[in-house]
Amino acid sequence: MLLAPVRWALRILISLLALILVYFAVTLVQVWLTSREYDAHPAGAILVMGAAQYDGVPSPDLKARLDEALTLFHNGYANLIIVTGSKEPGDVYTEAQAGAHYLEASGIPVDDILQAGGNDSYRNIADAAPELVARHVTEVLVTTDPFHEYRSMAIASDLKLMPSPTPTQTSPITGWATVPYFLKEAVGVGLGRIIGYNHLEWLHAA
């Protein structure tokens with residue numbers, strides 16, 4: 001038979017675990033609900049979150065984000081696009097360079113494109129924010145995959161930007177394949193609120 005102090009310790013432990021599970025479950029719902037939002041309206045810039053590129057060619061995921069930015073630009077919601085992302089060791093081009101080249105080839109004037117670095121979501125936006133503020137831009141349309149929208153906007157808000165969700169409508173990651181991404185984002189958002197989004201380098205998700 002367990003001693004009273006042990007029983008109380010187990011009850012406290014179980015209660016804490018239950019609270020943690022509820023916290024991350026609620027966070028997962030919030031991430032999912034935000035993934036379904038789309039609020040295109042006139043803004044100062046379109047912020048494109050970085051994703052993989054291959055020798056200067058955007059990956060299907062990055063291309064989907066860029067195509068959404070093109071749609072927003074051509075529909076007159078903003079006249080400035082800022083692409084983000086650095087490069088992996090051995091790469092010649094950064095994600096931002098690959099994105100900029102794609103946009104230029106699609107007819108966007110070079111003067112309407114800005115580039116920022118960053119090898120994770122926080123650094124993407126942290127590098128982009130000063131470029132935008134220098135142009136007196138704070139209101140941005142955040143273009144990324146739907147599952148990544150909540151965390152991207154939370155980071156943007158922390159960095160004094162005013163974000164609105166405009167997730168890509170053509171992401172190659174769909175259906176059941178999104179489940180691990182939503183779970184990872186729930187963990188990232190849940191921990192980011194507690195320890196700060198700038199301490200999630202290990203998540204390395206852009």
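The residues of the chain are indexed from 1 along the displayed sequence.
Here the closest heavy-atom approach between residue L80 and residue I113 is recorded as CD1-N, 4.3 Å. Residues G118 and D127 approach most closely at N-OD2, 3.4 Å, considering heavy atoms.
S86 and T94 form no side-chain donor-acceptor contact under 3.5 Å, judged by distance and modelled atom types alone.
In this structure, the side chains of L191 and F24 come closer than 4.5 Å at one or more pairs of heavy atoms. In this structure the side chain of E88 never reaches within 4.5 angstrom of the side chain of N119, judged on heavy atoms. Side-chain contact between D112 and F73 is present, with heavy atoms from C-beta onward closer than 4.5 Å. Taking 4.5 Å as the limit, some side-chain heavy atom of H148 sits within range of a side-chain heavy atom of M49. Between V57 and H101 the shortest side-chain heavy-atom distance does not fall below 4.5 Å. In this structure the side chain of L66 reaches within 4.5 angstrom of the side chain of P58, judged on heavy atoms. Looking at heavy atoms from C-beta onward, Y122 lies out of side-chain contact with L200 at the 4.5 angstrom threshold.
For the side chain to side chain donor-acceptor pair (under 3.5 Å) criterion with R65, the lone passing option out of D145, T168, T170, T143 is D145.
Taking a 6.0 Å sphere around CZ of F182, one finds it holds more than 12 heavy atoms contributed by other residues, nucleotides or ligands. For OH of Y93, the number of neighbouring non-hydrogen atoms (other residues, nucleotides, ligands) closer than 6.0 Å is 12 at most. For R36, the CZ atom is loosely surrounded, since the number of other residues' heavy atoms within 6.0 Å does not exceed 12.
To the nearest 0.5 Å, atoms CD (E185) and CG (L28) are separated by 10.5 Å. Here CG of D120 is found 9.5 Å from CD1 of I125. Values are rounded to the nearest 0.5 Å. Atom CG of L72 and atom OH of Y38 lie 4.0 Å apart (nearest 0.5 Å). In this structure, the separation between CG on N124 and OG1 on T84 is 3.5 Å, given to the nearest 0.5 Å. To the nearest 0.5 Å, atom NE2 of residue H41 and atom CD of residue E139 are 5.0 Å apart.
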